[in-house]
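Take a look at the structure below.
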Amino acid sequence: MATQRRNPLTGEWIIVSPHRISRPWGGEKSSSTGQGFTKVSSYLSPGAARSNGSVNPLYTSTFVFPNDFSALVQATPGEEPGTEPGEEPGTEPEDELFQSEPAGGECHVMCFSPHSHLSLPLMRHEDILSVIREWIRLSDQLKYNLYVQIFENKGAMVGCSNSHPHCQIWSSSFLPYLISLEDSHQREYFSKHNSPLLVKYLEKEMRCKKRVVEESEYWVALVPYWAKWPFELLLLPTRHVTKLRDLTEEEVLDLSSTMKRYLTRYDNLFECSFPYSMGWHEAPNTASDCSHWQLHAHYYPPLLRTATVKKHIAGYEMLAQCQRDLTAEDAAQRLKDCDALVHFTQRNID
Ligand code: H2U
Ligand code: ZN
């Protein structure tokens with residue numbers, strides 16, 4: 001029988017129907033590598049000319065630059081794009097059916113390292129550490145905006161346009177919709193139980209550990225009970241932390257090795273460079289108390305059965321409710337069965 005599980009961070013319900021997993025697949029198969037780029041793009045490499053003509057420095061570690069095609073730009077007073085309510089026939093300025101708000105902000109791109117062929121699981125600990133330190137620095141530096149979203153789109157399958165390993169940082173003058181949803185659910189839980197939702201959730205998960213994939217002194221990566229994506233992961237600190245900048249040096253060091261381990265498992269699962277969209281969710285930069293919020297990162301990989309068969313959010317899922325075949329517990333077990341230390345490309349290399 002199918003069941004439904006509730007995501008307490010968003011209130012969304014997910015149908016779990018494991019009996020469907022064995023259905024035949026005659027649909028789309030994607031590139032066999034999971035990276036799927038038609039050609040290697042050089043725009044982000046050291047010394048390369050970007051599409052707007054700027055030339056990248058000969059960087060040797062991480063490299064951050066303002067996105068040449070920023071979706072968000074700092075608002076200039078009096079200059080708001082688009083048609084405002086009241087300007088269209090039949091709408092009033094305060095019409096609730098035609099609401100709009102300014103969307104100011106800035107977007108940056110961060111190249112992880114000078115090496116175009118090294119994704120995070122293949123990088124050295126100290127180089128992963130530089131990426132983490134840069135995430136912390138940027139989130140702190142951009143905190144004058146209301147929210148800083150750090151995210152990585154990895155692989156062409158999730159719409160990544162450039163094969164050079166990189167992430168993006170969008171900081172906005174407004175609270176993005178999903179953050180506001182998670183904020184209100186965590187706030188509500190805190191006012192009812194006097195404990196942060198995700199702190200309590202981890203406490204309960206650690207009693208049975210059947211969804212825990214990676215565990216260290218300071219971090220846990222697990223397939224959440226309510227996972228929507230087949231091999232979704234939720235990364236949580238073992239202590240209550242609201243912002244990236246509040247992490248201790250020990251937690252930062254440990255994060256670099258924990259990340260390397262679960263990302264190696266990801267790549268080893270289907271022996272491909274595992275595609276995903278990931279992002280940090282830290283407490284918003286609102287003046288109010290944020291003790292209800294627990295720092296976390298989400299990993300949403302699109303792959304379902306092999307390196308080439310992708311989960312589509314379409315049909316019933318697009319029109320009614322999301323559904324998964326593989327249970328969160330089975331997905332966690334499959335990831336746990338993968339090697340966390342040796343990447344499949346480095347087997348048999350002395
Ligand atoms: P994605 O691969 O996740 O799309 O990120 C690459 C970003 O890099 C994308 O947002 C930016 C694109 O706008 N970019 C530049 O700013 N300059 C370039 O020359 C190439 C890509
Ligand atoms: Zn979240």
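Numbers here are sequence positions counted from 1. All ligand and atom numbering here is 1-based and tracks the order in the structure. Side-chain atoms are counted along with the backbone in the values below, which use heavy atoms only and exclude waters and symmetry mates.
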Q. Do Arg50's NZ or CZ and the ring of Phe65 fall within the cation-pi criteria of under 6.0 Å and 45°?
A.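 Satisfied, under 6.0 Å and within 45°.
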Would you call [X]-[Y] a salt bridge at under 4.0 Å N-O?
| X | Y | value |
| --- | --- | --- |
| Glu232 | Arg324 | no |
| Glu126 | Arg124 | yes |
| Glu214 | Lys336 | no |
| Lys228 | Glu12 | yes |

What donor-acceptor contacts under 3.5 angstrom involve side-chain atoms of residues 172-181, with partners at least two apart or in another chain?
| from | atom 1 | to | atom 2 | distance (Å) |
| --- | --- | --- | --- | --- |
| Ser172 | OG | Phe174 | O | 2.7 |
| Ser173 | OG | Gly104 | N | 3.1 |
| Ser173 | OG | Gly104 | O | 3.1 |

Q) How many protein N, O or S atoms are found at a distance of less than 2.8 Å from the Zn ion (ligand 2)? A) 5
Q) Under 6.0 Å between ring centres, would you say that holds for Phe270 and Phe231? A)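 Between Phe270 and Phe231, the centre distance is under 6.0 Å.
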Q.
Can you list every protein residue that has a heavy atom under 4.0 Å from any atom of ligand 1, sorted by chain and residue number?
A.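 Near ligand 1, by chain and number: Tyr43, Arg50, Ser51, Phe65, Asn67, Asp68, Phe69, Val109, Asn153, Cys160, Ser161, Asn162, His166, Gln168.
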Q. Is the number of heavy atoms from other residues, nucleotides or ligands within 6.0 Å of CD (Gln74) greater than 12?
A. yes
Q: Kindly give the cluster partners of Phe69, where membership spreads through any ILVMFWY side chain lying under 4.5 Å from a current member.
A: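 Other cluster members: none.
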